[in-house]
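All remarks here apply to the structure that follows.
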Amino acid sequence: MGASLVASAFLSTAQAQLPAPTPNRVYVSSEKDNSIQVFDSQGARVAAIDVCKRPRHMQFSRDHRQIYVSCGDSNQMGLVDVASAKMTGTVALGDSPEIFDLSPDGKVAYVSIEDENVMAAYDLQSKAKLFEVKTGGEPEGILVMPDGKHAYVTSEVANVVHLVDLAQRKVVKNIRVGNRPRRFVLAAGGKELWVSNELGASVSIVNTDDQSVKQTLAFKVKGMRASDITPVGMALSPDGKTVWVALGRANHVAEVDRASREVRNTILVGKRAWGLTVHPDGKTVYVANGLSDDMTLIDTAAGKAVRSVAAGRVPHSVLVQP
């Protein structure tokens with residue numbers, strides 16, 4: 001057996017011997033505590049993991065044994081080992097990294113670098129920067145398409161979504177959406193790109209075949225001005241039928257029927273509902289509330305919040321280990 005095959009076999013055996021990640025763990029990045037708060041699925045806090053400065057967006061590695069977290073004040077991506085609950089390394093990024101997405105093979109991270117107005121690509125194994133693409137002011141949301149050929153990037157200042165050809169390493173189309181676009185959800189089998197417009201109190205729905213805005217969904221909350229409704233985080237239910245939208249300073253989460261675009265329900269949560277995610281079983285939505293320093297758990301069947309738990313100072317994003 002050749003040396004490379006021996007090394008590969010040894011690595012596969014070593015990985016198989018590693019402890020499996022604990023299921024039903026909920027991870028919340030806490031910007032002011034420089035940590036990831038860890039909970040069980042019912043909201044009981046079980047640990048805290050010290051990471052780099054001002055942790056924001058998080059994603060699991062493909063095998064769910066690592067958490068990648070972008071840290072806005074230390075200009076790094078933290079590499080967190082889930083089993084040991086420790087940060088084991090970092091990747092140097094640009095100035096004020098925000099949201100990122102991974103290539104389909106999990107080897108490359110595409111990161112919005114807010115203060116440099118670029119989307120930058122990094123090799124996660126070598127930790128080398130591969131290239132960057134110039135964007136409009138304050139890029140944030142990034143979504144890589146499942147085939148790995150294109151990425152979408154929001155520009156908060158330009159009020160556009162950039163379509164980036166990753167092979168050509170350039171923007172090939174600018175899609176005008178609402179005011180201050182922030183985050184994405186890919187729905188309808190990849191045919192619809194939902195874009196939250198923070199200062200437009202709305203979501204733009206983009207047809208990914210022709211890159212046209214097919215509809216704009218406006219939100220209303222009784223007793224609140226449109227300027228108080230600031231949608232940012234979104235998540236798709238496991239069955240693909242519901243889009244959950246965090247309405248920011250409106251302190252509510254909207255439950256939207258994906259097919260009809262009808263808002264079925266708005267649910268009161270904490271202050272400045274920001275990032276959110278849905279448990280893989282579809283029964284619970286976890287909402288990070290940035291101004292009340294807590295996380296709200298929503299029972300999806302009942303359509304109401306069941307509890308809020310302290311989640312560190314300025315919680316940003318939520319991950320759930322299936």
Side-chain angles (χ1 to χ4, degrees), residues 15 18-74 76-91 97-102 106 109 124 232-233 235 238 244 246 253 269-300 305-322:
Q15 287 176 334
L18 291 172
T22 303
N24 291 312
R25 284 288 185 259
V26 180
Y27 298 88
V28 183
S29 56
S30 171
E31 290 190 66
K32 292 294 185 182
D33 290 329
N34 301 328
S35 70
I36 296 174
Q37 305 289 312
V38 188
F39 302 84
D40 68 17
S41 61
Q42 301 305 306
R45 185 178 178 276
V46 296
I49 305 169
D50 292 331
V51 294
C52 30
K53 295 179 180 178
R54 199 184 176 194
R56 291 165 158 175
H57 184 58
M58 302 181 291
Q59 281 201 39
F60 286 114
S61 60
R62 291 182 72 197
D63 61 7
H64 280 235
R65 295 180 185 273
Q66 274 192 311
I67 292 173
Y68 303 121
V69 55
S70 62
C71 292
D73 284 353
S74 55
Q76 295 171 315
M77 176 175 286
L79 310 178
V80 176
D81 178 74
V82 172
S84 66
K86 292 182 179 179
M87 188 173 76
T88 57
T90 59
V91 177
E98 282 227 41
I99 308 299
F100 62 93
D101 202 4
L102 304 177
L124 289 174
V232 176
W244 297 89
V253 168
V269 290
K271 294 181 180 178
R272 203 195 73 168
W274 211 241
L276 79 173
T277 195
V278 187
H279 192 284
D281 66 12
K283 295 179 181 179
T284 308
V285 176
Y286 302 90
V287 187
N289 304 305
L291 290 182
S292 52
D293 295 340
D294 56 12
M295 174 177 68
T296 299
L297 282 66
I298 295 173
D299 182 317
T300 60
V306 291
R307 70 182 59 87
S308 290
V309 297
R313 294 177 297 164
V314 191
H316 184 283
S317 295
V318 189
L319 279 182
V320 178
Q321 183 76 266

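Index from 1, following the sequence.
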[X] side chain to [Y] backbone, donor-acceptor under 3.5 Å:
X	Y	result
Asn34	Arg54	yes
Thr284	Leu297	no
Tyr286	Tyr27	no
Asp293	Val314	yes
Glu31	His316	no
Arg56	Pro97	yes
Ser317	Ser29	no
Asp81	Ser84	yes

Rounded distance (nearest 0.5 Å) linking atom [atom1] of [X] with atom [atom2] of [Y]:
X	Y	atom1	atom2	result
Met58	Met77	CE	CE	12.0 Å
Arg307	Asp299	CZ	CG	9.5 Å
Thr22	Asp40	OG1	CG	11.0 Å
Met87	Asp50	CE	CG	8.5 Å
Thr90	Leu79	OG1	CG	6.5 Å
Arg25	Ile36	CZ	CD1	14.0 Å

Side chains of [X] and [Y]: does their closest heavy-atom pair fall under 4.5 Å?
X	Y	result
Ser70	Ile99	no
Val46	Phe39	no
Pro55	Cys71	yes
Met295	Val26	yes
Pro21	Arg65	yes
Leu102	Leu124	yes

>> So, using ring-ring contact (aromatic ring centres under 6.0 Å, His included) as the criterion, who are the partners of Phe100 when residues are at least two apart?
In response: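 For Phe100 the ring-ring contact (aromatic ring centres under 6.0 Å, His included) partners, ignoring immediate neighbours, are His57.
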> Without hydrogens or angle criteria, can the side chains of Gln37 and Ser35 be said to hold a donor-acceptor pair below 3.5 Å?
Replying inline: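 Note: Gln37 and Ser35 side chains meet the donor-acceptor criterion.
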> Is the shortest side-chain N to carboxylate O distance from Asp33 to Arg313 below 4.0 Å?
Replying inline: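 Answer for the salt bridge query: yes.
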Identify the two heavy atoms, one from [X] and one from [Y], that lie closest to each other, and give their separation to 0.1 Å.
X	Y	value
Thr300	Gly282	OG1-O, 2.7 Å
Gly270	Thr296	N-OG1, 3.6 Å
Asp281	Pro238	C-CG, 4.5 Å
Lys53	Ser74	N-OG, 3.1 Å

> Run the side chain to side chain contact (heavy atoms under 4.5 Å, CB included) check on Arg45 and Val309 step by step: do they pass?
Replying inline: CA-CA 8 Å; Arg45 185 178 178 276; Val309 297; over 6 Å; no
> Yes or no on side chain to side chain contact (heavy atoms under 4.5 Å, CB included) for Gln42 and Asn24, after CA distance, side-chain angles and deciding distance?
Replying inline: CA-CA 9 Å; Gln42 301 305 306; Asn24 291 312; over 6 Å; no
>> I'd like to know whether Leu319 forms a side chain to side chain contact (heavy atoms under 4.5 Å, CB included) with Thr277, so could you lay out the CA-CA distance, the side-chain angles of the two residues, the decisive distance to 0.1 Å, and finally the verdict.
In response: CA-CA 7 Å; Leu319 279 182; Thr277 195; 6.0 Å; no
